[in-house]
Every structure is written in structure tokens, then in C-alpha cells.
Amino acid sequence: MQYALPPLPYSYGALEPTIDELTMRIHHDKHHAGYVANLNAALERTEWATRPLEQLLGELDRLPDELRTAVRNNGGGHANHALFWELMTPDGGGDPSGPLADAIEADFQSVRDLKRQVSAAAAEQFGSGWAWLIHDGAGLAVTSTPNQDSPLIDGHTPLLGIDVWEHAYYLKHQNRRADYLEAWWNVVNWQRVAERYEEVQSGYRG
């Protein structure tokens, strides 16, 4: 099975002014495409090439030593970015509603407090990595991961993730990660986050 680079669900410049068109082109067409190509090359002609990506990341310890790092880095990069594109929309921002909003209020008191915690996790992530809202099997939680590590590695379901690798924001915001994080909430796709939460509630863990 060859993993494939998913198309963006909007045009490259659709998230302006939050994320500029050139950043989106480089981020999607070069960085994400590179993870896909490297993952396919690492798994070529192995029994692992036919496994779903979620399974590979969830059972990383079962992989041979010579494949584990490549799958962790490139498989994680592919999974993280494939989700990241879906979590943004030109019509984003605002606050969630429905069961997701209820769960956020129960676990974080308010959407404002959730945003504050996610942004803090992203700001405090040293070097490259991600900040996440996850479902850990018991409820919602905020966490961060280094490099391209995916919450799937720990058996958690990512609901929302913010990429804080410098290539995600440096052309527009330079070293001002805080500015990028503040702006990012203007394009968050709460509908997709809510759909993922509902999938978890129905038993889906991908």
C-alpha cells in the first residue's frame, strides 16, 4: 500500500492573512510530501507496507528496529499533517457548540480556558513539535509532543493539533510563535474537531 499526499481542502491562499500562501505551498507540497515519500520508501517491500498508518503508530514497539524511527518520524509527520489541514478552514474561528462544547466546559471550565491551555502547551514546546487536544480514553486532555510524534503512539486520539515547527509560521511571523498561535484560532475548524469527538464517542479511535 502506497501512502498518498492528501490534497488541501481549500486553496493555498485561503487561510490568508493567518497563514500566507507561500507557507502553505512549501508546508504541504514539500514538507508533508517529503514525509509521505520517506514513509513509502522505508516500508517498501516489507510486510508493514500494507498496514493502516494508525496501526503502525499505535504498535510502534512491534516494528523492527530498522523501521521504527522512520515510521515514528515520517509516519507521524504524515498523520499529523493530514489531520492539521482538516483542522483549519477559511470560515473558521469562533467557538464550538453541541456535545464538544459541553465536554470542553466539563473538563476545562470554558473554551477560553481550553484555548489558553493549548496555546501555552504550544508556546512551551521546546524546539519543533505539536500541541494537542486529545481524547485519552477517559476524557479530554491537553498535551504536546516533540518533533513529529503523534498522540496515536500513546494510544490517544488527537482531536485538535497545532503545528509549531518553524516551517509552519516562520515566513510570516518569523520568531514570534505567540503571534502565530493567537492568529491560528481564527482559522480553527471546530466542526471537524466536533466530528472527531463524536467519532471517539461512537468508538472510533483513529
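What you see is a predicted model, and the numbers here were worked out from it, not measured in a lab.
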**Q** Are the side chain of E16 and the backbone of E21 linked by a donor-acceptor contact shorter than 3.5 Å?
**A**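 It does hold such a pair.
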**Q** Can you confirm if the aromatic rings of H32 and H78 lie within a centre distance of less than 6.0 Å?
**A**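 Yes - the distance between ring centres of H78 and H32 falls below the 6.0 Å cut-off.
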**Q** Is the backbone of N147 close enough, under 3.5 Å, to the side chain of W165 for a donor and an acceptor to pair up by distance?
**A**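 Yes; at least one donor-acceptor contact below 3.5 Å.
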**Q** In terms of heavy-atom contacts, does CD of E182 have more than 12 from other residues, nucleotides or ligands at under 6.0 Å?
**A**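 Open: at most 12 neighbouring heavy atoms sit under 6.0 Å from CD of E182.
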**Q** For the rings on Y169 and W184, is their centre-to-centre separation under 6.0 Å?
**A**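 Between W184 and Y169, which both carry aromatic rings, the centre distance is not below 6.0 Å.
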**Q** Can a donor-acceptor pair be found, under 3.5 Å and without considering hydrogens, that links the side chain of D136 to the backbone of H156?
**A**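 Absent.
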**Q** Looking only at side chains, do T145 and W132 share a donor and an acceptor under 3.5 Å apart?
**A**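 Yes.
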**Q** Please check if the distance between the ring centroids of H27 and H81 is under 6.0 Å.
**A**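 Yes, close enough.
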**Q** Verify, without hydrogens or angle tests, whether N40 (side chain) and Y3 (backbone) share a donor-acceptor contact under 3.5 angstrom.
**A**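 Yes; at least one donor-acceptor contact below 3.5 Å.
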**Q** With distance as the sole test, does W190 use its side chain to make a donor-acceptor pair with the main-chain N or O of G94 at under 3.5 Å?
**A**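 Flag set: sc W190 to bb G94 pair under 3.5 Å.
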**Q** Using modelled atom types and a 3.5 Å cut-off, is there a donor and acceptor pairing between side-chain atoms of R68 and backbone atoms of L63?
**A**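 At least one qualifying donor-acceptor pair exists.
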**Q** Just checking Q117: does its CD atom have more than 12 heavy atoms from other residues, nucleotides or ligands closer to it than 6.0 angstrom?
**A**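 Result for CD/Q117: enclosed.
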**Q** I'd like to know if the side chain of R72 reaches the main chain of L57, judged simply by a donor and an acceptor atom lying under 3.5 Å from each other, with no hydrogens or angles considered.
**A**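 Checked: no pair found.
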**Q** Before giving the answer on side chain to side chain donor-acceptor pair (under 3.5 Å), spell out for W185 and S119 the whole-Å C-alpha distance, their side-chain angles and the decisive distance to 0.1 Å.
**A** CA-CA 9 Å; W185 295 106; S119 294; 2.9 Å; yes
**Q** Taking all heavy atoms of N80 and all of S150, pick out the closest pair and write down the distance.
**A**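 N80 and S150 have their closest heavy atoms at OD1-CB, 3.5 Å.
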**Q** With rounding to the nearest 0.5 angstrom, report the CG to CD1 distance, L133 to I104.
**A**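 Between atom CG of L133 and atom CD1 of I104 there are 6.5 Å.
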**Q** Check whether more than 12 heavy atoms from other residues, nucleotides or ligands sit under 6.0 Å from atom CZ of R112, and answer yes or no.
**A**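 Not more than 12 within 6.0 Å, no.
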**Q** For the backbone of A122 and the side chain of R177, can you confirm whether one donor and one acceptor N or O come within less than 3.5 Å of each other?
**A**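 Checking the backbone N and O of A122 against the side chain of R177, a donor-acceptor pair under 3.5 Å is found.
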**Q** Donor-acceptor check, side chain of K172 to backbone of P17, threshold 3.5 angstrom: yes or no?
**A**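 Indeed, once roles are kept as given, a pair shorter than 3.5 Å links the two residues.
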**Q** Could you check whether any side-chain N or O of D107 sits under 3.5 Å from a backbone N or O of L140, counting only pairs where one atom can act as donor and the other as acceptor?
**A**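 Such a contact is found between D107 side chain and L140 backbone.
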**Q** For residues N73 and Y35, is any side-chain donor paired with an opposing acceptor at under 3.5 Å?
**A**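 There is no such pair (donor and acceptor under 3.5 Å, judged by atom type) between the side chains of N73 and Y35.
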**Q** Set out, in order, the CA-CA distance, both residues' side-chain angles and the distance that settles salt bridge (charged side-chain N to carboxylate O under 4.0 Å, His left out) for E166 and R176, then state yes or no.
**A** CA-CA 10 Å; E166 286 187 342; R176 301 186 303 275; over 6 Å; no
